[in-house]
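In what follows, every chain begins at residue 1, and chains take the letters A, B, ... in the order their sequences are listed.
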2 protein chains.
Amino acid sequence: MSISVLGYTMLGLLARGPHTGYDLVRLLRRPIGYYWTAQQSQIYPELGRLAQAGLVVFEAASGPGPREKKTYATTAEGRAALATWLPLPPGSHAPRDELMVKTFAVAAADADQMRALYLTMSREHAQRAEDFERQQAELDETGAHALDHPRFGNYATLRMGVAYERMRQEWCTWMAAQLTTPARRRQDPLDHELTVAKRRRS
Amino acid sequence: MSISVLGYTMLGLLARGPHTGYDLVRLLRRPIGYYWTAQQSQIYPELGRLAQAGLVVFEAASGPGPREKKTYATTAEGRAALATWLPLPPGSHAPRDELMVKTFAVAAADADQMRALYLTMSREHAQRAEDFERQQAELDETGAHALDHPRFGNYATLRMGVAYERMRQEWCTWMAAQLTTPARRRQDPLDHELTVAKRRRS
DNA sequence: CTAATCATGTAAGGCGTTACATGATTTT
DNA sequence: AAAATCATGTAACGCCTTACATGATTAG
């Protein structure tokens with residue numbers, strides 16, 4: 001019974017201090033949610049597994065609603081398991097980049113419509129980059145850029161976020177520019193590809 | 001019964017020309033595999049669904065092994081469905097960036113070991129960037145940088161690959177540098193965080 | 001008095017990975 | 001003679017999403 005990445009992610013959050021499952025639902029949205037997300041239907045069972053493995057313990061108290069409120073904290077075993085896992089090279093997870101899938105098949109769609117798509121995406125990335133930069137500036141004021149600051153992890157991941165969004169934005173504007181310039185295709189792009197293919201075959 | 005992203009990805013590949021399921025297994029590795037992957041156990045059932053939806057048809061011939069070899073091609077409906085889907089804004093898929101999860105919890109591990117991790121990752125990204133650049137140069141020679149070239153899609157996605165790997169490499173070296181400089185933490189980072197947390201609480 | 005927030009769980013179904021199963025042809 | 005390639009499928013299991021279900025407290 002090995003721990004999933006989600007399990008370690010939650011362990012990492014609990015290593016910063018005790019939390020309820022409900023807390024973790026929120027914490028897994030921002031800022032870690034930019035890199036790994038989970039629904040609460042995944043979180044509660046996973047907390048159970050971590051507890052069964054002895055990596056976390058909980059204190060129950062009467063909470064709102066019909067059930068008890070459980071506050072979870074890491075155990076020494078939990079912190080050890082986390083410290084062992086962290087420096088291990090990440091397993092390669094299947095990439096899921098829908099925009100690149102669409103880009104790969106760009107010739108099969110209308111060029112003007114695709115150009116509009118890349119312009120929209122470019123704007124979205126620019127907006128998120130600005131958002132991240134604002135958050136980074138806020139963190140910076142608290143001194144989070146220092147290695148021994150408790151929020152240095154937040155700072156470092158945000159830095160990646162900014163770099164990623166900027167890079168992506170640039171690529172999208174480049175792509176939109178390609179779809180504008182010089183002589184716009186007038187014939188159906190798919191027909192065109194098929195003609196090319198036929199020519200090669202003969 | 002709506003088509004999955006994998007279904008459209010496969011439709012996009014078949015729009016370039018007829019292929020067997022076995023062909024698609026290979027095609028879904030390089031270069032699209034950098035952005036969307038699938039195992040053959042997913043591909044064969046998905047082909048069945050696409051055929052049932054009338055988006056592809058196949059011609060059967062006696063092949064090696066006990067079963068018939070089926071060569072699939074898109075139908076007019078298939079090409080229309082693809083052309084409709086492509087310009088739609090991509091649905092947001094759950095991000096899965098294990099390295100960033102680890103970075104977020106970096107304080108809970110040994111700094112030297114984490115530094116080694118980022119240096120390893122940096123080297124890996126550099127290598128992949130070089131690999132992509134080589135592939136890009138090869139494509140460039142065939143004129144794939146032009147919008148109406150049948151492999152422009154390959155060229156554009158590779159361009160993203162290069163930008164991504166370079167960006168990532170830079171971030172990893174920055175991270176490694178942070179873990180080296182100035183006064184290296186000597187105390188247990190987790191104990192440290194807990195002390196800080198206690199101080200704040202009181 | 002209504003809506004949001006706090007709080008914990010279950011169920012159904014789709015997506016994805018690993019592994020199993022078969023067998024001809026071609027390359028080493 | 002052995003290994004790789006071509007070629008198509010199935011089964012089991014885990015991860016993840018969407019939706020359902022309950023109910024107290026607090027804010028508007």
Nearest whole angstrom, please: distance from the [atom2] of [N] to the [atom1] of [X].
X	N	atom1	atom2	value
R49(B)	dG13(C)	CZ	P	16 Å
E59(B)	dT8(D)	CD	C1'	18 Å
L27(B)	dA7(D)	CG	P	12 Å
R67(B)	dT8(D)	CZ	C1'	5 Å
R29(B)	dT5(D)	CZ	P	11 Å
Y44(A)	dA21(D)	OH	C1'	14 Å
E46(A)	dT8(C)	CD	C1'	16 Å
I43(A)	dC15(D)	CD1	P	15 Å

- Message: Quick check for you: among dC6(C), dT22(C), dC16(D), whose closest atom lies nearest to any side-chain atom of Y22(A)?
- Response: dC6(C)
- Query: Does NZ or CZ of R166(A) lie under 6.0 Å from the centre of the six-membered ring of F132(A), at an angle within 45° of the ring axis?
  - Reply: no
- Message: With nearest nucleotide decided by heavy atoms, which residue, R26(B) or Q42(A), maps closer to the 5′ end of DNA chain D?
- Response: R26(B)
- Item | 5' precedence on DNA chain D between T37(A) and G65(A) (nearest-nucleotide basis) | T37(A)
- Under a 4.5 Å cut-off applied to non-hydrogen side-chain atoms, are Y72(A) and L47(A) in contact? yes
- Task: Determine whether L99(B) and W171(B) make a side-chain contact, defined as any pair of heavy atoms from C-beta on separated by less than 4.5 Å.
- Result: yes
Are [X] and [N] close enough that a side-chain N or O sits under 4.0 Å from OP1 or OP2?
X	N	answer
K69(B)	dA24(C)	no
Q39(B)	dG16(C)	no
R96(B)	dC16(D)	yes

- Is the Y155(A) ring parallel, tilted or perpendicular to the H145(A) ring (thresholds 30°, 60°)? perpendicular
- Message: For Y164(B) and H125(B), take the angle between the two ring planes, folded into 0 to 90°, and tell me which bin it lands in: parallel under 30, tilted 30 to 60, perpendicular over 60.
- Response: perpendicular
- Item | No-H, no-angle donor-acceptor pair, S41(A) side chain to dT18(D) base, under 3.5 Å | yes
- For the side chain of Q40(B) and the base of dT8(D), is some donor closer than 3.5 Å to an acceptor across the two? yes
- Message: Under 4.0 Å, heavy atoms only, any strand: does E68(B) hit a base, just the sugar-phosphate, or nothing?
- Response: sugar-phosphate
